[in-house]
Structure formats: structure tokens, C-alpha cells
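What's counted below: heavy atoms across the whole structure, side chains too, no hydrogens, waters or symmetry copies. In what follows, chains carry the letters A, B, and so on, assigned in the order in which the sequence lines appear, proteins first and then strands, with residues in each chain numbered from 1. Here the structure is a predicted model, which is why all the values come from computation and not from measurement.
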Amino acid sequence: MNESWWSWDHAAAVLPMLLEGFFKYTLVATVLGTLIAVVLGLIVAMTRRVAPGFISTPVTWVVEFIRMTPLVVQLVFANLVLSPYIDSTLAIGIWVLGIHYTTYMAEVYRAGIDSVPKGQWEAATALSLPLLRTWRAVVIPQAIRSTLPALGNYAISMFKETPFLVVIYIPEMVRVAQTYGGDTFRYTESITLAGLIFLVASYPTSVLIRRLEKRLA
Amino acid sequence: MPENTAPDGATSIGAPHIEFRDVVKRFGDNTVLNDLNFTVAKGERVTLIGPSGSGKTTILRLVMTLEELTGGYIHVGGAPLQYEDQGGKRVRVSDKTRRRTTTQIGMVFQHFNLFPNMTVLENITEAPIHVMGLSKAEAISKAEGLLEKVGMSDKRDFNPSQLSGGQQQRVAIARALAMDPEILLLDEVTSALDPELVGEVLAVLKDIAAETDISMLIVTHEMQFARDVSDRVMMFDQGSIVEEGSPEKIFSDPGHQRTRDFLHAVL
Ligand SMILES: Nc1ncnc2c1ncn2[C@@H]1O[C@H](COP(=O)(O)OP(=O)(O)OP(=O)(O)O)[C@@H](O)[C@H]1O
Ligand SMILES: [Mg+2]
């Protein structure tokens, strides 16, 4: 075996496994988790705005509770409770990620909704637009505009937190890297490559977000 | 009661178009309107004048249901708007019923309040399509007619942000007219405009006043405009009517010192 600090043989051997972990788990979890957060976040934000107190207050408690506890604990707990009923740990992981970030996205939407001037609601009332149409055609399009950059940033940060899925034994990329390291006693290549893959994926995304931010400013 | 008849000869016989009955409006413990009573006849144009804080905007916003009545009743076309009297009990009118009445009422705001996420044309077609149930084609052809009327045909696909204040306000007028309102509420629609843009907006409004029999409640500091379009002027102070009368009477020969002081200050 090559005893230098870097071995191209190991790199070549581990890369396909890492990519498999990346595409099958890391990326899937990020994309679906983001989707859940984007949709549920909007629903939570709207509920907190329009629903009567006996609904919106408990929703606020749940949101605060989720924000105040670590993602890792939520993953382990949800897995413990749900695994007898749900076969796929990946599905549990995705929902936990999605719901965790829902609480952050809801805050972003709330700020976006609050940033829509009162005059817009009043113009809608003056035109007798029904409430649902006011949300759909007037408020949400204007609120979303200011939330796009934050949405992108949360997607990246969720992406970077997918290694936590290891605590429920999902073979995402970093776990693959560690396993490979454990089996071969070569950690350098696998961990370095895993880091590089994260970088290659998130850097262009963040550049894109920054551009979007400038365009919307 | 109105002394004047509407331009097309409609008289105030029958139910008043707008009726304020013992209207009370409080914000916290600030009583803005206290037992206010007045009526507007069908087709009548009434201008409200009075010092800042006298409650003019509040009156218009109550009619548009942008503010909730604290006490009393407002009737529009004979129908209760926000509350109704059911055998001495004051009962809130449902949102759905309110909306049926408010579809007859249009409002133009000081700051236009166009929807920035829509084009000029979409701003105007939004309510006809989604409230009146017009087809898209019908709504567009209607909007085009209105844009023509307000002199904005060449801007139909622009975004509001690309327009001057005067142009935005003319679009906002077209948007309100697209709902075929029977009542139009105008709250200082030129006071956010650069002085050189005021004329184009007032010209459009004068045309509409001349060509339609829409009832109007107008708040303005443009006294010449008020003279030109109103049938009646009501002078307010601290939420009560100080005096009312024809524009000629109020502007040339006011009966109250408070009116004289006010007119002296604004003219
Ligand atoms: N949303 C509100 N909350 C609290 N107080 C309000 C609110 N809207 C109006 N008021 C108060 O009601 C009173 C009447 O205000 P209003 O805007 O109707 O006056 P106005 O005659 O239109 O004055 P202006 O000529 O300055 O526009 C004022 O004392 C104002 O501070
Ligand atoms: Mg006012």
C-alpha cells in the first residue's frame, strides 16, 4: 500500500461510493426536505396570521419547541417513535429535516408577509377580492419575492446538515466516507473528497443565490 | 339633506344611496366620530373638507369597510353595510354579505396602491375576472376601454413602478371603474403627486363626473376641483358637520367662523 498521505488509488476507489451516497441520500434528502419546508413553512406562516388563537397559539408552541431542540435529538427521537410504523428511515429523516426547517422557513415567510404594505390588503378589499384570491394573487407573490434568498440559504444549510442523518444510520455520503475509512484505515481521501463534493455542490448554489439577491434588491 | 340634485336629474327621492345613522368610531379611547348622521343621494357628489384629523378619511374607510364601525349603522343602497338592526339588536353583517355590498363601491387611494406584481392591464382585469366573473377576453376589452378613457392605452403592459405618480393614479382610477361601481370614494387622490401631475388626474376625474352618474364621496384640498364637481360640500371639525351647502355657498359665503378660518388657511 502507498504510505504517502494521499493515495490516488484510494481516492479512485472511494469516489464512486461517495457519489452514490451523495445522489441517493444527501441530494434526495436535501431536495425533498427543502420542498417540505417551503410548502409547510408557508402554511404555518399563513395559519399563524389568519387562524384564531386556539389554533395559532398551539402552532406557535410547536414551532418554538422544534426550534429550541437540536436536529440530532429530533432525528433520534422521531426514528425511535416512528420506525415501528414507517419502514424507510430515509423517509423519517427527510420529514424530520423538512419539518425542522419548516420552522425557519415559516419565520422567513412571516417577515415576507409582514413586508407587504397594508395598502395592498386595502386595495384588495376595495376591489372586493375574496380572501383566498388576495393571498394568492396579491400577498404571496409579493411576500415570496423577498423570501427567495433566505430560502436558498436554508436549502444550503440543510444540505450541510444532512450528515446528521448518520445518527439514524442512513448511508449518506459522510457515513460512506467514514465507513470506508474504518474499513481501510484511510480516512484522508474519503473525507477530503466528501468535503470537496459538498463544496462543488454548494458553492455554485450560493453564487446563484447572491446573484438573485442582487437582482431582487 | 342635499339641496342639489344629481347632474342627470336623479333626485334624492327614495332611499339615500349612502346613509350614516348615529355613527360612532373610536380608536382606543379616541372618539373620532360621535353620532354622525348624513346621507348621500344617488348620483350625488359630496366633498368633505375640514382640518387634519377631523375624520374625513375615517368616513371613507368606514364606507369601504376598511375600518370597523364602533357604533351606529351605515346603509348603502338601503342595505346594511357592516351592522344591522335586528329588533334593537346590533348584529354584524357577514363578510360574504358585506362583500356583496362593497362590490358596488370603488375607492381610489392617496398612494394609488397598485399591485406591483401585476402589469397595468392585470391590475385592471384582476377584480372583473375574479369578482365579477368576466372571461379574460371580456375583462381585457373592458380594461382597454378604460385605459383609453384615462389616457394610458400605450402603457397597458408596463409595471406600475415604471409609471409616474400621475400615471399610476390614472391606472388606479381605471381599476376602480372596472368594477362598474355605483359609489366612488376619492381620498386626497392628488396629494401625493408632484404639482405638475395633479392636472392630468383631476381632468380624468372631471370627465368621469360629467359622463357618469356614479355617486361620489370626495376628500380633497383642491378647492377648484371641489367647486367644479361637487353638488354639496360638508365642512367637518372634530368628527362633526360644522355646516354644509352648495360649493358656491360654502366657498364664497360660509356661515361659520370655523369654515372661514379653514378656507383661509388652505386657499
Ligand atoms: N388606524 C388608526 N388608529 C388610531 N387612530 C387613528 C387611526 N386612523 C385615524 N386615527 C385618528 O382618527 C382621527 C381622524 O383621522 P382621519 O385620518 O380620519 O382624519 P382626516 O380628516 O382624514 O385628516 P387628514 O386631513 O390629515 O387626512 C385622527 O385623530 C387620527 O389620529
Ligand atoms: Mg385623511
Q. Phe109(B) versus chain A, heavy atoms under 4.5 Å apart: side chain, backbone, both or neither?
A. side chain
**Q.** Toward chain A, the part of Leu114(B) with a non-hydrogen atom under 4.5 Å
**A.** backbone
Q. Do Asp187(B) and Lys56(B) meet the salt-bridge criterion of a basic N to acidic O distance under 4.0 Å?
A. no
Q. If you measure from the Lys or Arg side-chain nitrogens to the Asp or Glu carboxylate oxygens, is any gap between Lys142(B) and Asp180(B) under 4.0 Å?
A. yes
Q. When the ring planes of Phe38(B) and Phe20(B) are compared, do they come out parallel, tilted or perpendicular, using 30° and 60° as the limits?
A. parallel
Q: Between chain A and each of Arg61(B), Arg98(B), His111(B), Met118(B), count heavy-atom pairs under 4.5 Å; write down the option with the most.
A: Arg61(B)
Q.
Testing the 3.5 Å rule here: is there a donor-acceptor pair between the side chains of Thr125(A) and Glu122(A)?
A. no
Q. With chain A, which of Leu66(B), Thr102(B), Thr65(B) has the greatest number of heavy-atom pairs at distances under 4.5 Å?
A. Leu66(B)
Q) chain A: which of Met107(B), Met179(B), His130(B) shares the most heavy-atom pairs with it under 4.5 Å? A) His130(B)
**Q.** Ring geometry between Tyr73(B) and His75(B) (parallel below 30°, tilted from 30 to 60°, perpendicular above 60°)
**A.** perpendicular
